[in-house]
Amino acid sequence: MPPVRKRQPSLSQLRAFAAVAEHLHFRDAAAALGMSQPALSGAVSALEETLGVTLVERTTRKVLLSAAGERLAVRAKAVLAEVGALMEEAEAVRAPFTGVLRLGVIPTVAPYLLPTVLRLVHDRYPALDLQVHEEPTSNLLDGLLTGRLDLLLLAVPLGVPGVVELPLFDEDFVLVTPLDHRLGGREGIPREALRELNLLLLDEGHCLRDQALDICREAGRADAPVTTTAAGLSTLVQLVAGGLGVTLLPRTAVKVETARSSQLLTGCFAEPAPTRRIALATRAGAARGDEYEELAAALRDALKPLPVRVL
């Protein structure tokens, strides 16, 4: 035989009792709650019946709490306080651009775009608690799909089921060379030039490495030009400055990275130049999908001063 479920008090009953416990007067308590005195009295009586204890001692002159009423009034107030906190939290969740937003960013984007992203969030969405995680693409996607991350800023296309991409901009790649390189500072460099260059790449796991290899293949280079690799773009550029080869940089990284050395030149490819696309990505059907769309639109506008083609 299934157990008999006990009746539970309603929130309205708890509010009525808490008001009586505070005012020790039915009329005053009823006025505080904006309800009639008979309705208040009925709610307290119903709570007593539900709990099986007498909470209030009624006399013609005043209201007293019983011993049980003294103890349970504390509990009732605590329950009502927690319900109030729950409602406030739900309101915060419903309000756009509030609460925590866990943003994942790839290393070849973070140093160059985060200043713009952080400034935008600070100025336009001050109630948003932005938490940034810099990780390789594979880790970011795993974090997104498992719920560890909410939104990603990375290179696309991803081609991952269940992930929605919100394109932000396209940017060209430029060739970074030592000062004495024959292609240093040139305009209109044909892609075919990549077939013979000693191209330095990032370590495996970086999407920028894969993009560089794709560009080389499109240029007709069959082999993988890997002689020296680096964990980050800063090291890669220093290797170029030291004369070990050349590399490809996205335009958003050029100003920051080439400023680290006076031994570098940049060259531009002939149109159409090799490019990469940067986007926000989130889970399909995300509860905050509308917010992410709005954030993407705001970012496109904020990114216009950068050397990119906003989409």
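Computed over heavy atoms, backbone and side chain alike; hydrogens, waters and symmetry mates excluded.
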Next item on the list: Start with the C-alpha gap between Leu24 and Leu65, add the side-chain angles, then the distance that decides, and say whether side chain to side chain contact (heavy atoms under 4.5 Å, CB included) holds.
Entry: CA-CA 8 Å; Leu24 295 178; Leu65 295 183; 4.0 Å; yes
Note to self: One pair to check against side chain to side chain contact (heavy atoms under 4.5 Å, CB included): Phe169 and Leu113. What are the steps and the verdict?
What the structure shows: CA-CA 12 Å; Phe169 64 84; Leu113 297 190; 3.6 Å; yes
Margin query: If you apply the rule side chain to side chain contact (heavy atoms under 4.5 Å, CB included), what do you find for Leu295 with Tyr125, and how did you get there?
Written below: CA-CA 10 Å; Leu295 178 60; Tyr125 311 116; 3.7 Å; yes
Note to self: The test is side chain to side chain contact (heavy atoms under 4.5 Å, CB included); show your working for Glu257 and Val176 and say whether it passes.
What the structure shows: CA-CA 10 Å; Glu257 299 302 341; Val176 182; over 6 Å; no
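Clustering ILVMFWY residues whenever any of their side-chain heavy atoms sit less than 4.5 angstrom apart, transitively, puts Val308 in a cluster other than the one holding Leu233. Leu249 and Leu306 are assigned to two separate hydrophobic clusters, defined by single-linkage of ILVMFWY side chains at heavy-atom distances under 4.5 Å. Val240 and Val174 fall within the same hydrophobic cluster, defined by Ile, Leu, Val, Met, Phe, Trp and Tyr side-chain heavy atoms under 4.5 Å apart, directly or through other members. Residues Leu236 and Leu265 fall into different hydrophobic clusters, defined by Ile, Leu, Val, Met, Phe, Trp and Tyr side chains chained together at heavy-atom separations under 4.5 Å. In the hydrophobic clustering of ILVMFWY residues, with side-chain heavy atoms under 4.5 Å counting as a link, Phe269 and Leu200 come out together.
Atoms CG and OG1, from Asp180 and Thr177 in turn, are 8.0 Å apart once rounded to the nearest 0.5 Å.
Screening Arg102, Gln131, Arg288 for a side-chain hydrogen bond (donor to acceptor under 3.5 Å, both in side chains) with Asp150, the sole residue that qualifies is Arg102. Checked against Glu48 for a side chain to side chain contact (heavy atoms under 4.5 Å, CB included), the options Val53, Val56, Leu72 give a single hit: Val56.
Of all the heavy atoms in Leu128 and Val121, the pair that sits closest is CD2-CG1, 4.1 Å. When all heavy atoms are compared, the tightest approach of Ala29 to His23 is CA-CD2, 3.8 Å. For the residue pair Leu179 and Leu264, the shortest heavy atom distance occurs at CD2-O, 3.8 Å. Nearest heavy atoms, Glu165 versus Leu158: OE2-N, 2.8 Å.
Heavy-atom neighbours of Arg260 CZ from other residues, nucleotides or ligands within 6.0 Å: above the threshold of 12.
The backbone N or O of Ala46 lies less than 3.5 Å from a partner atom in the side chain of Thr50, making a donor-acceptor pair. The backbone N or O of Leu311 lies less than 3.5 Å from no partner atom in the side chain of Asp170, so there is not a single donor-acceptor pair. At distances below 3.5 Å, not a single donor-acceptor pair connects side-chain atoms of Glu57 with backbone N or O atoms of Ser66. Formation of a donor-acceptor pair under 3.5 Å by the Glu134 side chain with backbone atoms of Ala110 is not found in this model.
The side-chain heavy atoms of Val246 and Leu183, taken from C-beta on, include no pair separated by under 4.5 Å.
Under 3.5 Å, the side chains of Thr275 and Arg309 contain no donor-acceptor pair of N or O atoms.
Salt bridge status for Asp142 with Arg148: absent, with no side-chain N to carboxylate O gap under 4.0 Å.
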